[in-house]
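A short write-up of the structure that comes next.
Values reported hereafter were calculated over all heavy atoms of this structure, with side chains retained and with hydrogens, waters and symmetry mates removed. This structure is a prediction, so every number in the text was calculated from the model and none was measured.
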Amino acid sequence: MEHTMHLNPSSFSKIKEGTKTIELRLYDEKRRQLAVDDTICFICSGETGERLWARVVELYVFDSFKALYTALPLLSCGYSREELARADAADMERYYSLEAQKQYGVIGICISLLEEAAPADEE
C-alpha cells in the first residue's frame, strides 16, 4: 500500500541525505494503516513540491514522544550530533499536543529510501 506524507524542507532534506531514517508522527487513524513493506511518498512542503519514495522497514509505537525519545536513536530521528545534548521530547509538542499524544500514542516509522524516480510498484 502507498501512503503520502508532507514534510517541512528541513526534514525532507535529512531524509533525502540519509541522515534521518525514522520519521516521527502521531499514531492517529492515518498512521495506524501503515505496515512494514508499505511505500511512503514524502512530499516537500517547500516551493518545489519535490517527492521521495521510501519503504517502511519497521514501526515503533509508543504512548508518548517521551517514551520514544528514550528508546530510539535520536540521530536516526533527524537530530545532528550537535543537537543531541539539547534534544527533548518536548520538541515534538510544537507539532502534536500532549493531549493528542495521550489520545493516539506516537509512532517512529523506520524507512529505507527507494529509487527517487518512482516506487517499485509503479514500474
Side-chain angles (χ1 to χ4, degrees):
M1 177 178 268
E2 183 170 308
H3 308 271
T4 301
M5 294 186 194
H6 294 269
L7 292 171
N8 66 47
S10 173
S11 291
F12 187 90
S13 292
K14 290 175 183 178
I15 287 176
K16 185 176 181 177
E17 296 163 359
T19 57
K20 178 179 172 128
T21 57
I22 301 176
E23 173 61 11
L24 308 180
R25 296 285 172 130
L26 201 62
Y27 194 44
D28 57 12
E29 292 86 359
K30 182 176 178 182
R31 260 49 80 169
R32 288 176 191 268
Q33 296 180 30
L34 288 169
V36 170
D37 289 327
D38 281 359
T39 300
I40 300 174
C41 175
F42 289 107
I43 302 171
C44 184
S45 61
E47 294 178 13
T48 65
E50 189 177 356
R51 295 168 185 253
L52 293 173
W53 283 269
R55 183 178 66 84
V56 176
V57 176
E58 190 72 49
L59 299 169
Y60 306 102
V61 178
F62 297 92
D63 292 335
S64 67
F65 284 111
K66 184 175 183 177
L68 182 151
Y69 271 49
T70 61
L72 296 182
L74 296 181
L75 281 174
S76 298
C77 296
Y79 286 96
S80 67
R81 291 198 185 282
E82 297 76 29
E83 296 169 322
L84 281 181
R86 62 181 184 278
D88 191 305
D91 295 346
M92 294 303 293
E93 290 174 30
R94 76 180 92 159
Y95 306 107
Y96 307 112
S97 70
L98 290 173
E99 294 79 18
Q101 292 178 50
K102 186 175 181 180
Q103 179 180 356
Y104 295 107
V106 303
I107 188 168
I109 307 162
C110 183
I111 57 167
S112 174
L113 279 180
L114 299 172
E115 293 296 320
E116 288 187 44
D121 44 312
E122 284 190 9
E123 294 181 357

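- For the pair Leu52/Phe12, a side-chain contact is recorded, criterion being any heavy-atom separation below 4.5 Å from C-beta on.
- In this structure, the side chain of Ser45 engages the main chain of Leu7 through a donor-acceptor pair within 3.5 Å.
- Two residues are said to be in side-chain contact when any heavy atoms from C-beta on lie closer than 4.5 Å; Gln101 and Phe62 fail this criterion.
- Rounded to the nearest 0.5 angstrom, Tyr79 OH and Arg86 CZ are separated by 9.5 Å.
- In this structure, the separation between OG1 on Thr4 and CD1 on Ile43 is 5.0 Å, given to the nearest 0.5 Å.
- For the pair Glu93 (side chain) and Leu98 (backbone), a donor-acceptor distance under 3.5 Å is absent.
- Without hydrogens or angle criteria, Thr19 side chain to Lys14 main chain gives a donor-acceptor distance under 3.5 Å.
- Counting heavy atoms from C-beta outward, Tyr95 and Arg25 have side chains that stay 4.5 Å or more apart.
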Q. Stepwise, does the side chain to side chain donor-acceptor pair (under 3.5 Å) test hold for Asp91 with Tyr69?
A. CA-CA 10 Å; Asp91 295 346; Tyr69 271 49; 4.6 Å; no
Show your reasoning for whether side chain to side chain contact (heavy atoms under 4.5 Å, CB included) applies to Val106 and Leu24.
CA-CA 7 Å; Val106 303; Leu24 308 180; over 6 Å; no
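- To the nearest 0.5 Å, the span separating OG1 on Thr39 from CG on Leu114 amounts to 5.5 Å.
- In this structure, the side chain of Glu2 does not engage the main chain of Cys41 through any donor-acceptor pair within 3.5 Å.
- Contact record, Leu34 with Leu59: O-CD1, 3.6 Å, taken as the closest heavy-atom pair.
- Dense packing is recorded around CG of Asp88, with more than 12 heavy atoms of other residues, nucleotides or ligands lying under 6.0 Å away.
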Are Val56 and His3 close enough, and set up right, to give a side chain to side chain contact (heavy atoms under 4.5 Å, CB included), and what steps lead you there? CA-CA 10 Å; Val56 176; His3 308 271; 5.7 Å; no
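- In this structure, the separation between CD1 on Ile15 and CD1 on Ile111 is 4.0 Å, given to the nearest 0.5 Å.
- In this structure, Arg31 and Leu26 have side chains that are not in contact, with every pair of non-hydrogen atoms separated by 4.5 Å or more.
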